[in-house]
K.L.:
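Structure in structure tokens, see below.
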Amino acid sequence: MQKDGSKQSIPEAFLKPYDPIAEEPAMYALWEERGYFNPDNLPDQSGEPYTIIMPPPNANGSLHAGHAVFVTIEDLLIRYNRMKGKRALWLPGADHAGFETQVVYEKKLEKEGRTRFGMDSEQLRKEILDFTLANKSFMEGQLRQLGASCDWSREKFTLDPDVVKTVYATFEQLYKDGLVYRGSKSINWCTKHQTSLSELETISEERIDPLYYMQYGPFVVATVRPETMFGDTAVAVHPEDARYKQWIGKEIEFEGPIGPMKLPVVADEYVDPEFGTGVVKITPAHDPNDFAVAQRHTLPAIAVIDQYGKLTNKTGKFAGMKVEEARKTVADDLEKMGMLAKVDREYKHAVKKCYKCERVLEPRILPQWFVKMKPLAERAREAISRDEVVFYPEHYEKIMLHWLDNIEDWNVSRQIVWGIPIPAWYHELKCIPKPGREADVSTCEEVVISVEKPVCAFCDAEYLRDTDTFDTWFSSGQWPFATLGYPNGKDFKKFYPTQVMETAGEIIFFWVARMIMLGLYRTGTVPFSTVYLHGIVTAKDGQKMSKSKGNVISPLELSEKYGTDALRMGLTIGNTPGTTTALYEEKIRAYKLFANKLWNITRFVLENTDASADRPELAEADAIRLNELNDMVADVTRDIDEYRFYMAGEKLYHYVWHTFADLVIEESKSILGGSDATAQASRQWFLYHALITFLKLLHPFMPFVTESIWQKLPNKDSDVLMVSKWPQ
RNA sequence: GCGCGCUUAGCUCAGUGGUAGAGCGACCCUUUGACGUAGGGUAGGCCGGGGGUUCAAUCCCCUCAGCGCGCACCA
């Protein structure tokens, strides 16, 4: 209010309700134009670096609610730290997402009546690349819509040549250090996707299946898979089992469904004398445990199931049958032959399935590339125990250590085209040296790790390229240092190690653990000092969102309907780390009202204050209000520093609405309408000061509406809110 | 089987060793003065059951139950 009692003139925009749809894109354009997403352009270059590497979204579809959560939290941290004077770098990226994307693309092909099998692999690769790049740019637009203040000039894609180069260098070094080996081991094979999968890419499911007790000569063996009997190469008993001791080292012979069988009897601790009959049939080719037994006793393996899950020509009349059919048929035959001693129909056990198609995985023995994990895991364990990496929520540390302690070697080969090719080459035929070059032929390497095609120095033969690609997580596991240009890049020196890794709790093993291990291995340093894990976003009823349930909520749609600020606020408040968060429309709508409330609060303040007035002597009421405000600032700051964003957001919301609007503004009406000029000046100053203060505090939570208001303020300490100073 | 988490208002969730909190929803009142996308108010909870520690437990410990999740090679 001016001295004569009339209202200050205010920007016209405040005469209408806040319109996020019109304001948000304009604000994002303003930020991009100023260039402050790039920390090198910040006005103050004296601050400490503060880095978050964005978990690169899979470039194979639209952003989902989980992405919106990470954008919300990471952008909050970045904006907060930027306002604190740090040189904040948020490095965006996109993941080619090997297997995931190939699966998505296969579905697309299926719809078009095509199939990847039989397609020229170069052609397929090119098609998926086009598809991925289109999705990548689509997704970048969506990140902008969500307000991500990331440095687009540093954006990385997992297939960028420099990233691939780093991945190759790591593989080569692991190989030289003896931490990578090619081995024929029992691996998880998906008969639909025609590739092997790592342990993490399997899900186990409890099932009730018949347990068949089969007469094997003098023994009875129990199995759920009679169809694998043609691949049996031994039977095993426990070394101390008195019932069978005299058989150890001998052979049993009997007539099977396709002819005579002759199997050695081996003794192995693996056998539990209490289970079944205490005799186990050993099928090394199709059971990982049996494979381990076979390794200990150097037993051969006979593959009786092929890559499509059909019985091979080693199975006589059963050849060509699918596993399920063969199981029944073999069991029937055994029964007719009097070989089926009994069947337990209620046998409960677990089967491993492909995490994508949920088909039962077939264990097969195939040559694959493995990374020896124990030495890598040990270093990670030490670093975590020394708190070089801390977890929010804390209990994830226990979960991580437990996993690291029980880690298995990691199969990094995939039999798919979409991915980074494994840079391995094989000497196809036995090396027959050219005349005069026989001398050191013993040094001829059968396997060479190299980006370029090697040629044999002894026989001039060209090496054959490995056709497999890397598990996507092998490259994403190197993301923090690969994106920053390890080892010589300027950014690497400046921004590594990073401060926070914020991602979904469900990929803690897939990604977080591997980044810690590979980061330590290559750079000697943990790649980040804090891990913040958010929970899965569910529908209101706590159900996981899925297309089949039809309860998927698109964050982009909510953003278009209620504004991104409302969406972000809804994803912040009530979202504690590590627990699931329900996302539903009513909640988001409530925060749209809040954005509008802020808008109207500003209108009131501008109409009733002189923004350029100096701070007067404060009336007692305002000194108390100022203390209250400052307490709130301290509280909110502490909450953010301690990663309690949900608390900070709620306190701000509560202050602005229920303290500032409901109490301060209401009591101001009588003060400003009264006759005490001193009290009026004091209150006017406080109103404007408080507005400036909570706009700053709210900026990391609701960047758009706060910036939009800021742009219309007559007097402020910075032309853009995003680089203004955080209140003390 | 082992491990982890959760259980607080109708719903979604915070929280604290000392007569319980938010948002949404419900009900009632308010209609020119920042905002009706609003304001004011009311109701609603043996803080999952049982036991223990304590002067005092929703909170710490033990135990049970229900729900959810992770890990696991018994054929």
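Just so it is clear: chains get the letters A, B, ... in the order the sequence lines come, proteins before strands, and each one is counted from 1.
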K.L.:
Give one of base, sugar-phosphate or nothing for A:Glu666, where a contact means two heavy atoms less than 4.0 Å apart.
P.N.:
base

K.L.:
State which of B:rU37, B:rG23, B:rA75 makes the closest approach to the side chain of A:Tyr653.
P.N.:
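Of the options given, the side chain of A:Tyr653 lies nearest B:rG23.
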
K.L.:
Where does RNA chain B pair, written as one dot-bracket string 5' to 3', with Watson-Crick or G-U pairs under 3.5 Å, ( ) inside the strand, [ ] for crossing pairs and | for another strand?
P.N.:
(((((((..((((....[..)))).(((((.......))))).....(((((..]....))))))))))))....

K.L.:
Can A:Arg207 and A:Val360 be said to form a side-chain contact (heavy atoms from CB on, under 4.5 Å), step by step?
P.N.:
CA-CA 11 Å; A:Arg207 275 201 352 195; A:Val360 176; 3.6 Å; yes

K.L.:
Check every strand shown and say whether A:His286 touches a base, only sugar-phosphate, or nothing at a heavy-atom separation below 4.0 Å.
P.N.:
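Counting heavy atoms under 4.0 Å across all strands, no contact is made by A:His286.
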
K.L.:
When all nucleic acid strands are considered with a 4.0 Å heavy-atom cut-off, which category describes A:Ala292: base, sugar-phosphate, or nothing?
P.N.:
nothing

K.L.:
Checking contacts here: which listed nucleotide (B:rA34, B:rG15, B:rA38) is nearest the side-chain heavy atoms of A:Leu593?
P.N.:
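Selected nucleotide (nearest to the side chain): B:rA38.
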
K.L.:
Is A:Lys597 side chain donor-acceptor paired with the B:rC35 base, going by distance under 3.5 Å alone?
P.N.:
yes

K.L.:
Kindly compute the distance separating CG (A:Asp471) from CZ (A:Arg514), expressed to the nearest 0.5 Å.
P.N.:
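The CG atom of A:Asp471 sits 6.0 Å away from the CZ atom of A:Arg514.
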
K.L.:
To the nearest 0.5 angstrom, please state how far the CD atom of A:Glu358 sits from the CG atom of A:Leu361.
P.N.:
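Result: 11.0 Å between the selected atoms.
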
K.L.:
Mind checking the OG-CD spacing from A:Ser554 to A:Glu560? Nearest 0.5 Å is all I need.
P.N.:
7.5 Å

K.L.:
What is the distance, to the nearest angstrom, from the CG atom on A:Asp662 to the P atom on B:rA22?
P.N.:
13 Å

K.L.:
Nearest to the side chain of A:Met647, which nucleotide is it out of B:rU37, B:rG39, B:rG15?
P.N.:
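Of B:rU37, B:rG39, B:rG15, B:rG15 is nearest to the side chain of A:Met647.
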
K.L.:
Could you go over nucleotides 70-74 of chain B and give all protein N or O partners under 3.5 Å, atom names and distances?
P.N.:
{"from": "B:rC73", "atom 1": "O4'", "to": "A:Asn289", "atom 2": "OD1", "distance (Å)": "3.1"}
{"from": "B:rC73", "atom 1": "O2'", "to": "A:Asn289", "atom 2": "ND2", "distance (Å)": "2.8"}
{"from": "B:rC73", "atom 1": "N1", "to": "A:Asn289", "atom 2": "OD1", "distance (Å)": "2.9"}
{"from": "B:rC74", "atom 1": "O2", "to": "A:Asp272", "atom 2": "OD2", "distance (Å)": "3.2"}
{"from": "B:rC74", "atom 1": "N3", "to": "A:Asp272", "atom 2": "OD2", "distance (Å)": "2.4"}
{"from": "B:rC74", "atom 1": "N4", "to": "A:Asp272", "atom 2": "OD2", "distance (Å)": "3.4"}

K.L.:
Quick one: on RNA chain B, does A:Trp657 or A:Val224 contact a more 5' nucleotide (nearest heavy atom)?
P.N.:
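Looking at the nearest nucleotide for each, A:Trp657 comes out on the 5' side.
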
K.L.:
Using a 4.0 Å heavy-atom cut-off across all strands, classify A:Lys281 as base, sugar-phosphate, or nothing.
P.N.:
nothing

K.L.:
If you assign A:Phe14 and A:Gly276 each to the RNA chain B nucleotide with the nearest heavy atom, which residue ends up on the more 5' nucleotide?
P.N.:
A:Phe14

K.L.:
Rounding to a whole Å, what distance do you find between A:Leu606:CG and B:rC35:C1'?
P.N.:
14 Å

